[in-house]
Amino acid sequence: MLDLKFVRTNPDKVKEALNKRGSAVGLDDFLALEEQRRQELVQVEQLKNRRNTVSEEIGRLKKQGQEAEAMVIEMRQVSQKIREMDEDLKEIEEKLSYTLLTIPNIPHESVPESLSEENNVEIRKWGAPKEFTFNPLPHWDIGEGLGILDFERAAKVTGARFVFYKGLGARLERALINFMLDLHTGKHGYTEIFPPFMVNRDSMTGTGQLPKFEEEAFRIDSVDYFLIPTAEVPVTNLYRGEILEGEKLPIYHAAYSACFRAEAGAAGRDTRGLIRQHQFNKVEMVKFTLPENSYDELEKLTANAEKVLQLLELPYRVICLCTGDLGFSSAKTYDLEVWLPSYGTYREISSCSNFEDYQARRANIRFRRNPKAKPEFVHTLNGSGLAIGRTVAAILENYQQQDGSVLVPKVLQPYMGVEKISK
RNA sequence: GGAGAGAUGGCUGAGUGGUCGAAAGCGCUCGACUCGAAAUCGAGUGACCCUUUACUGGGUCCCAGGGUUCGAAUCCCUGUCUCUCCGCCA
């Protein structure tokens, strides 16, 4: 969420930012309503002041055994008026806060300006796509051929966009989770978190999934909880409503979680394989930093995610998302895209973002530079390190052999206990 | 799931209708003492909103949301969470 005062005093900047994103919000109506709110607030606060002083006077008189009936009668009316105005104000504030919660973040100045994802900027490339002497198969054919992926039975047991991993497939999934967590906790300084996979409405609002994108999430009807779409939600909300000690920053957390996405509107896209599932596994990195350091931290975070791909020896590229492709809460995002031979293209496997104080303001996560200082909002960042299902897809495709077997990347061999997955 | 107890500032904890944003202690900050530290002494120490160029002034907040009242941390209702006991379970 943007700072209300900032929106009020810089309406042109906000409008410009919204235009860059191709996102329209009725800002003029919003500002007019905000003006009305402040006027009414001043009035009702004057009434409350009167009620407070007179009530105090009534108390004093009664203690002395004196009559105060006229004042009581007047205050009865004043209180009624206050009740009405408070109700009115509450309605106005609800409208304002809803609008404020649906305004996306302002893109950082370094973000390329364009409404089309065509204009995302490639920052760098690592590794070269492997040349195959045979026609590389898509990962679902490889996986089904090896008997390690079972989409059909998952469709029977649950529905479309679910999968069973079996045997070394299941082990590969688990190996990747452990490998990534070991790397980030052991080498990159992250503290491991194992979060709840369901969160409440406040948490979903804190990181920006609600109120605008409720249809994207799976909701548990009976308790109004949501299945998490990413560990970002529980881990960022860990410190919701808290004031952290400045010297504890930066805080780095790495968390494995299952992720659940309804993917409303994605029907027909990536219908086969592991790329787009309703449930997938992911290791997520989350950072809480000082405001002045967050862009350095974004570069480091991205490098941490890249390290995973480098160790797995998977070719990838880093792109910087343009303003129109940027996620709702993000000020700047790098996507990591891994090479998938059967697609003949790079596909997103990680997304690393700096949210600046946007989530921190929503979730009210602050810090003090020293024990006496005023609280300030932290900056939050997160990035996948990495999406496990897509990593499995990338390994199956990039390491496939002509005979249908799949070599196990060196760094995973200790976790897998084998060098090759074959029938 | 059943029964009971509780939720107060960074922490412990007092407060049962008015002068309570809230005693006391701890912690923290600054100062004094000291070569320095500890101990001791003194002063200070919540958040948010509105108003003002500023000094200031005002409002809200004692788990959350409703209600009673001229007036609520305090009384009533609902919810959430925590603890204890029982049941059930991994």
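Lettering follows sequence order; numbering is per chain, from 1.
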Show me the side-chain donor-acceptor pairs of residues 224-236 of chain A shorter than 3.5 Å, one per line, residues at least two apart or across chains.
| from | atom 1 | to | atom 2 | distance (Å) |
| --- | --- | --- | --- | --- |
| A:Asp224 | OD1 | A:Arg201 | NH2 | 3.1 |
| A:Asp224 | OD1 | A:Arg219 | NE | 2.7 |
| A:Asp224 | OD2 | A:Arg201 | NE | 2.8 |
| A:Thr230 | OG1 | A:Glu232 | N | 3.0 |
| A:Thr230 | OG1 | A:Lys282 | NZ | 2.8 |
| A:Glu232 | OE1 | A:Asn382 | ND2 | 3.4 |
| A:Glu232 | OE2 | A:Gln359 | NE2 | 2.9 |
| A:Glu232 | OE2 | A:Asn382 | ND2 | 3.4 |
| A:Thr236 | OG1 | A:Glu232 | O | 2.7 |

Those residues at least two apart in sequence (or on a different chain) that pass side-chain contact (heavy atoms from CB on, under 4.5 Å) with A:Arg174 are A:Arg171, A:Asn178

Could you list the donor-acceptor pairs under 3.5 angstrom formed between side-chain atoms of residues 415-423 of chain A and any protein atom two or more places apart in sequence or on another chain?
| from | atom 1 | to | atom 2 | distance (Å) |
| --- | --- | --- | --- | --- |
| A:Tyr415 | OH | A:Asp182 | OD2 | 2.6 |

Write down the distance separating the C1' atoms in B:A47 and B:G21, rounded off to the nearest Å. 11 Å

*asked:* When the P atoms of B:A3 and B:G10 are compared, how many Å lie between them, rounded to an integer?
replied: 35 Å

A:Glu34 CD to B:C49 C1', in whole Å, measures 11 Å

Can you tell whether the side chains of A:Arg276 and A:Glu263 come within less than 4.0 Å, N to carboxylate O? yes

Rounded to whole Å, the CD-P distance (A:Glu40 to B:U51) equals 14 Å

| said: Say we look at B:A14 and B:G6: how far apart would their P atoms be, to the nearest angstrom? | reply: 12 Å

Side chains of A:Tyr252 and A:Glu297, donor plus acceptor under 3.5 Å:
yes

Taken in chain and number order and not counting sequence neighbours, the residues that satisfy side-chain hydrogen bond (donor to acceptor under 3.5 Å, both in side chains) with A:Asn119 are A:Ser114

A correct 5'-to-3' footprint of nucleotides 59-75 of chain B, with B, S and - meaning base, sugar-phosphate only and no protein heavy atom under 4.0 Å, is SS-----S---BS----

Does any donor atom in the side chain of A:Gln43 or A:Gln39 lie under 3.5 Å from an acceptor atom in the other side chain?
no

Hits for side-chain contact (heavy atoms from CB on, under 4.5 Å) against A:Arg50, two or more places apart or cross-chain, chain-then-number order -> A:Val54, A:Glu74, A:Met75

**Message:** Between B:A23 and B:C75, how far apart are the two C1' atoms, rounded to whole Å?
**Reply:** 23 Å

Take atom C1' in B:A5 and the same atom in B:G9, then report the distance between them in whole Å.
23 Å

If the P atom of B:U78 is compared with that of B:A22, how far apart are they to the nearest Å? 32 Å

Sorted by number, residues from residues 4-12 of chain A placing a heavy atom under 4.0 Å from RNA chain B are A:Lys5, A:Arg8

Worksheet item: Does one side chain, of A:Glu397 or A:Tyr343, offer a donor that lies under 3.5 Å from an acceptor on the other?
Response: no

Q.
Suppose you measure atom C1' in B:G46 against the same atom in B:G42; what distance do you get, rounded to whole Å?
A. 23 Å

Under 3.5 Å side-chain donor-acceptor pair for A:Glu337 and A:Tyr316: no

Applying side-chain contact (heavy atoms from CB on, under 4.5 Å) to A:Glu34 and not counting sequence neighbours gives A:Leu4, A:Arg8, A:Arg37, A:Arg38, A:Leu96

The side-chain contact (heavy atoms from CB on, under 4.5 Å) partners of A:Lys48 (sequence neighbours excluded) come to A:Val44, A:Arg51, A:Ile82, A:Asp86

Exercise. Could you walk me through whether A:Glu356 and A:Tyr295 pass the side-chain hydrogen bond (donor to acceptor under 3.5 Å, both in side chains) test, one step at a time?
Key: CA-CA 9 Å; A:Glu356 300 187 0; A:Tyr295 280 94; 2.4 Å; yes

Rounding to the closest angstrom, what is the interatomic distance between B:U45 and B:G4 at atom C1'? 39 Å

Here the distance between atom C1' of B:C28 and atom CD of A:Glu247, to the nearest Å, is 12 Å

The complete set of side-chain hydrogen bond (donor to acceptor under 3.5 Å, both in side chains) pairs with one or both residues in residues 16-31 of chain A, sequence neighbours excluded, reads A:Lys15-A:Asp28

Under the rule of Watson-Crick or G-U wobble with both distances under 3.5 Å, where | means paired to another strand and [ ] a crossing pair, RNA chain B maps to ((((((((.[[[..)..(.....]]]((((((.......))))))(((((......))))).[[[[[..)....]]]]])))))))....

When you compare the protein's N or O atoms with those of nucleotides 44-48 of chain B, which come within less than 3.5 Å of each other, and at what distance?
| from | atom 1 | to | atom 2 | distance (Å) |
| --- | --- | --- | --- | --- |
| B:A47 | O3' | A:Arg366 | NH1 | 3.0 |
| B:C48 | OP1 | A:Arg366 | NH1 | 3.0 |

